[in-house]
Amino acid sequence: MRYLTFALAKGRLARKTMELLGRLGIRCEEFYDSKTRRLIFTDEAHKMKFFLAKASDVPTYVEYGAADLGVVGRDTILEEGRQIYEVLDLGLGRCRMCVCGPEDSRERLSHHELIRVATKYPVIAKDYFYNRKQQTVEIIKLNGSVELAPLVGLSEVIVDIVETGSTLKENGLTVLEEICGLSARVVVNQVSMKMENERITDLIRRMRGLVKETD
Ligand code: PRP
């Protein structure tokens, strides 16, 4: 039997995913060693391999078949636009993608003025404004701390992830429009889905059972 390979977005999500798989009896002892710098872990009994990648690279590994499966946030899946199947909502890390800004940007937004939108997610922002709202805006790509942009006059609004809303609140910003809900998803390589269909669908079915239990 060949190894089934999982690409995990490193960090909290990878740990949560391994916890979930642990409840199905799939375990890699080395993964829980907090000092390890290893990137690849193996469960010989189940012929499974897991590797830790940067979140935005997970869809790439899965599209090219370097991983059969992946676990990553829906924000990354939408932004990367890779040819992969999204098969299961794990319900982890639930949050929302929103257009946010100071209250006084609300009118300029609703009057379709030519506003500037700062974001780490230019593809999602473009799709929302150009395709869904048919509104012309200027999109400015940033790499983090996006809430800064309207505070220092780089943009009128931002497109960003809102979880608790405390970052917005502490910076005098608010949600102006909601784009979509987000959470961690299991994605599958399109060829693997055919070649390893039984193993993959069985695994997804068992993972779905656990997700339902904790819902
Ligand atoms: C994310 C997001 C917001 C914040 C939202 O940033 O971009 O800034 O979390 O969370 P809250 O609604 O609970 O305050 P992250 O910490 O991932 O870092 P970033 O600045 O690099 O985007």
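All values below were derived from every heavy atom in this structure, side-chain atoms included, with hydrogens, water molecules and symmetry-related copies excluded. What you are looking at is a predicted structure, and each value in this text was computed from that prediction instead of being measured. In each ligand, atom 1 is the first atom listed, and ligand 1 is the first ligand listed.
The 12-atom threshold is not exceeded at CD of Glu198, counting heavy atoms of other residues, nucleotides or ligands nearer than 6.0 Å.
Within the structure, every pair that satisfies the ring pair (Phe, Tyr, Trp, His ring centres under 6.0 Å) test and touches residues 49-77, not counting sequence neighbours, is listed here: Phe6-Phe50, Phe51-Tyr61. Residue pairs meeting the salt bridge (Lys or Arg N to Asp or Glu O under 4.0 Å) criterion with at least one member in residues 123-145, sequence neighbours excluded, are Lys133-Glu177.
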Between side-chain atoms of residues 167-175 and protein atoms elsewhere (two or more places apart, or another chain), which donor-acceptor pairs fall under 3.5 Å?
| unit_1 | atom_1 | unit_2 | atom_2 | d |
| --- | --- | --- | --- | --- |
| Asn171 | ND2 | Thr167 | O | 2.7 |

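The contact shell of ligand 1, taken as protein residues with any non-hydrogen atom closer than 4.0 angstrom, comprises Lys120, Gly144, Ser145, Glu147, Asp160, Ile161, Val162, Glu163, Thr164, Gly165, Ser166, Thr167.
Side chains of Thr17 and Arg15: no donor on one and acceptor on the other come within 3.5 Å.
Using a 4.5 Å cut-off on side-chain heavy atoms (C-beta onward), Leu21 and Met207 make contact.
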